[in-house]
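Below, read A as the first sequence line, B as the second, and so on, with proteins coming before strands; counting in each chain starts at 1. Here the structure is a predicted model, which is why all the values come from computation and not from measurement.
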Protein chains: 2
Amino acid sequence: MVTLAEVARHAGVSASTVSYVLSGKRSISGATRQRVEESIRVLGYHPNAGARALAGGRSNIIALMVPLRTELYVPVMMEIAVAVATAARAHGYDVLLLTGEEGPAAVRRVTGSGLADAVILMDVELDDGRLPPLRASGRPSVLIGLPADTTGLTCVDLDFTATGALCVDHLAELGHREIALIGEAPGVYERRTGFAERTLGGLRSRAAERGLRLLHRPCEGGYDALAATLGRVFDERPDTTAFVVQNEAAVEPLLALLRRRGRAVPEDVSVIAVCPEQVAVQASVRLTSVAVPAREMGRRAVEHLVAKIDGAGPDEVVLLPPELTVRASTGPAPARVREARSGEA
Amino acid sequence: MVTLAEVARHAGVSASTVSYVLSGKRSISGATRQRVEESIRVLGYHPNAGARALAGGRSNIIALMVPLRTELYVPVMMEIAVAVATAARAHGYDVLLLTGEEGPAAVRRVTGSGLADAVILMDVELDDGRLPPLRASGRPSVLIGLPADTTGLTCVDLDFTATGALCVDHLAELGHREIALIGEAPGVYERRTGFAERTLGGLRSRAAERGLRLLHRPCEGGYDALAATLGRVFDERPDTTAFVVQNEAAVEPLLALLRRRGRAVPEDVSVIAVCPEQVAVQASVRLTSVAVPAREMGRRAVEHLVAKIDGAGPDEVVLLPPELTVRASTGPAPARVREARSGEA
DNA sequence: GCGGGGCGTCGAAGCGCTTCGACGGGTTCA
DNA sequence: TGAACCCGTCGAAGCGCTTCGACGCCCCGC
């Protein structure tokens, strides 16, 4: 391995000069700079990361902690992870991939050892066990998701409450009165992962305001699970005319099963998905959806984090406003229901 | 931050003793060891990663390079990545997440700077630009995938050639004579990503051996793309009775479109998927499939890599044998075709 | 023409750890 | 009973970098 000292010798300057050329923290004459840069190029020099971290007190590494349960909402996670990695590189940081497996201990380890300068937490639960060690570490951090207590934290997330409300508004305007939420797997709610509850909350309160009935059914992914769920929904609320789906693995099964039951989308039943754009576009019916802006979330998280590392970032909760894109899966509530409704009026 | 020296003072021993307690590289008396461990616990000591890397000459970090085009075969990638991270931790390594964006330069950077002790490359192309810098670096590495020239390299992958053959065997035994491969997006073939070609190769040669006709159609994911592709397949080969799909984003569309065309699976048309187990099980028809053993691949890659870091690992190409699981999507070729076939004989 | 101030460069002191050689004391074997 | 040895411990030397203070030198102003 080529060292700073060798570069210095090759360029006929001192080691510190090379260091200053690299960091730009002191002014260097053009001639010297060029000579040094040339030597670096010729020798193929790469600064040693360990030495740099030791001397400089920072590793230029951001830890990204992805959820333990990888079977859940995988595409979003992957998209965020890649967006984080890409954005981080653009700011000169590398990304360390931590799985949820180690939990709080991993946070302690990477912050305590100085391996990571900062941490991004994904899949944050309302009362997340990783937060105490994170707070204690004093390291800059950004959460993707929203815990119950956000004091002193920076969080980036889609505004899921507004998302829920937006879905209700759209459906209400189309004349729907009875809607059902096909949610994430029950485990997601049990773990009290914020986003699922917030969507539900948004749906519930807006539905109450506008006089719609809402049924909520968590659901595992896959056909069999959804078939059972769907059966119970229609048994309990036969007049359900619209679905909000927040579960990637349930989107396609829902469409297929509705078809199988002879319910046309959007003529008989409307469907809104809360999912990444791509899922909505590639589905068998182009879905009206609220996009989960995964890339944007990853990018923003990194930007806030870098600002905090540099000492400039305020603690702040950033809720991205949801955008509903109307595609082919939502339409006016079917006449029968609309008649019943006007009959009531 | 607590340092080694502070632990040493607290325990009343020298710094080197603490170091040896930590590494176990020299024998330490039980009493001393306990005293040191107690001090470590009490003070909440975590060895500084940078210092360790600098002094020890190794970072205990493995770089994992995921593909640039994240839209492709995402679930497999994520599964592998998580498996790698988990397995790596079990061996005391952390994982640095690199995206393909930087390409060869990233390999140079992380190996040259000593940031990573070793590298795992995913999504390897036949003539992969990342291999020259990787070879030049002299760092241990494992590829997930197979380049054209594997001299001096360790590779782990599913045996896709055997996978193709296995699919043909299964279909041939069921009496199918005309089969079609719905492949990955054309881009995947253009980039000459090994696995896609190898599956095709396996299918082709076994089909030739057993006298089956094979049609190959790369295909973008999603409904519209697949609808077009499928139309062309049936135009060109109306007697096609079986499909092999190697494209996660095409699985569900294929099933839906076949249904829409009035072709029942498996009565009229058989379908075999090459995909992760979960995709096959959760599809609208439980799919006969050859599983892509993502977790296994990630795990194996790490194990080989760790062996190489420790100087024990031979260069080796590990091709995992494919396993075909028969589920509900394959059955005997329809009678019309079987008759035609016996007429020929 | 001389003093003051930048500017550009250097030397040295660490950062926190690993590891090598050394050393004292207790065994062990002839 | 001494030499040879091993075990447990220590001190010191570095790993390759950053950064601080110091030091010339040149340019400027008076």
OH of B:Tyr45 versus P of C:dG16: gap in Å, rounded?
10 Å
Could you tell me how far apart A:Leu43 (CG) and D:dG16 (P) are, to the nearest whole angstrom?
15 Å
Between the protein and nucleotides 11-14 of chain D, which nitrogen or oxygen pairs are less than 3.5 angstrom apart?
| from | atom 1 | to | atom 2 | distance (Å) |
| --- | --- | --- | --- | --- |
| D:dG11 | N7 | B:Ser16 | OG | 3.4 |
| D:dG11 | O6 | B:Ser16 | OG | 3.2 |

For DNA chain C, determine which residues of residues 21-38 of chain B have any heavy atom closer than 4.0 angstrom to one of its atoms, and list them numerically.
B:Lys25, B:Arg26
Here the distance between atom P of C:dG16 and atom CE of B:Met1, to the nearest Å, is 10 Å
Choosing from C:dT18, D:dG16, D:dT9, which nucleotide comes nearest the side chain of B:Leu54?
D:dG16
Among C:dT18, D:dG16, C:dC17, which is the nearest nucleotide to the side chain of A:Ala51?
D:dG16
Report yes if a side-chain nitrogen or oxygen of B:Ser19 is closer than 4.0 Å to either non-bridging phosphate oxygen (OP1 or OP2) of C:dT18; otherwise report no.
yes
Tell me whether the side-chain N/O atoms of A:Thr17 come closer than 4.0 Å to OP1 or OP2 in C:dC10.
yes
Decide yes or no for A:Asn48 and A:Thr3: does some side-chain heavy atom of the first lie under 4.5 Å from some side-chain heavy atom of the second?
no
Would you indicate what B:Thr3 reaches in the nucleic acid, counting non-hydrogen atoms under 4.0 angstrom: base, sugar-phosphate, or nothing?
sugar-phosphate
Please enumerate all residues that pass side chain to side chain donor-acceptor pair (under 3.5 Å) together with B:Thr154, with sequence neighbours excluded.
B:Lys308
Using salt bridge (Lys or Arg N to Asp or Glu O under 4.0 Å) as the criterion, list what pairs up with B:Arg130, not counting sequence neighbours.
B:Asp128
A:Glu296/A:Arg299 ion pair, N-O < 4.0 Å:
yes
Can you measure from CG (A:Asp94) to CG (A:Asp117) and round to the nearest 0.5 angstrom?
11.0 Å
Can you sort out the partners of B:Glu102 under salt bridge (Lys or Arg N to Asp or Glu O under 4.0 Å), two or more places apart, ordered by chain and number?
A:Arg89, B:Arg109
From the list A:Val119, A:Leu131, A:Asp123, A:Val317, side chain to side chain contact (heavy atoms under 4.5 Å, CB included) partner of A:Leu143 resolves to A:Leu131
Could B:Glu38 and B:Arg41 be called an ion pair, given the rule that one side-chain N must be under 4.0 Å from one carboxylate O?
yes
Which residue pairs satisfy the salt bridge (charged side-chain N to carboxylate O under 4.0 Å, His left out) criterion with at least one member in residues 135-159 of chain A, sequence neighbours excluded?
A:Asp157-A:Arg198
